[in-house]
Amino acid sequence: MNAVPRNYLGGDYSRYIDPIPDLIPFNIKSIREEAFKELWWESINIPSNIYKIGAAAFKDAYSNKIILNEGLKEIGNAAFIYCSSLEEIRIPDSVETLGYNCFSQSGLKKLYIGSNVKELCNN
């Protein structure tokens, strides 16, 4: 397994690391665009130190369960696009912005949106 460079998580590098529960170090604050594109991982737990999930961060990811924790503020455009195995997700109250097509073409059947969403992006 390769180590994650300090303060960096995203891009093509993520294809070469083993996804383990402690993958995202505490000093990481945001997940970059396409960071976990095409990731096959049964369950994903986004820790509370993450305040932003970038555009298409989990594009085509295969996961039955994605847990978003309080502390998250923004979910980027198409963050979970094409996640066909994802059936349910809860957006925590701390989230203020949901990007365009966040869950487009996913298997989502249940979506719970927190009470503080102030912006639903449309571009």
If you take all heavy atoms of [X] and [Y], which pair is closest and at what distance?
X	Y	answer
Ser85	Asn64	CB-OD1, 3.6 Å
Cys102	Gly76	SG-O, 3.6 Å
Ala79	Ile75	CB-CG2, 3.5 Å

Report yes if some heavy atom in the side chain of [X] is under 4.5 Å from a heavy atom in the side chain of [Y]; otherwise report no.
X	Y	result
Ile67	Ile44	no
Asn101	Asn77	no
Tyr62	Glu38	no
Leu68	Ile91	yes
Ser106	Phe80	no
Ile89	Leu111	yes

Check: Glu96/Asn116 side-chain N/O donor and acceptor closer than 3.5 Å | no

Say whether Asn69 and Asn45, considering side chains only, have a donor N or O and an acceptor N or O under 3.5 Å apart.
-> yes

Taking only residues two or more places apart in sequence, or in another chain, which ones meet Ser94 in a side-chain hydrogen bond (donor to acceptor under 3.5 Å, both in side chains)?
->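 Glu70.
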
Count the heavy atoms belonging to other residues, nucleotides or ligands that lie under 6.0 Å from NZ of Lys29, then report whether that count exceeds 12.
->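 Atom NZ in Lys29 is packed in, count exceeds 12.
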
Distance-only check: which donor-acceptor pairs under 3.5 Å involve side-chain atoms of residues 46-60, not counting sequence neighbours?
unit_1, atom_1, unit_2, atom_2, d
Asn49, ND2, Pro25, O, 3.2
Asn49, ND2, Phe26, O, 3.2
Asn49, ND2, Ile28, O, 2.7

Whether Ser104 side chain and Ile81 backbone form a donor-acceptor pair below 3.5 Å = no

How long is the span from the SG atom in Cys83 to the CD atom in Gln105, to the nearest 0.5 Å?
->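 Answer rounded to 0.5 Å: 11.5 Å.
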
Roughly how far apart are Glu87 CD and Lys65 NZ, rounded to 0.5 Å?
-> 13.0 Å

Would Leu108 end up clustered with Ile66 when hydrophobic side chains under 4.5 Å apart are linked, directly or stepwise?
-> yes

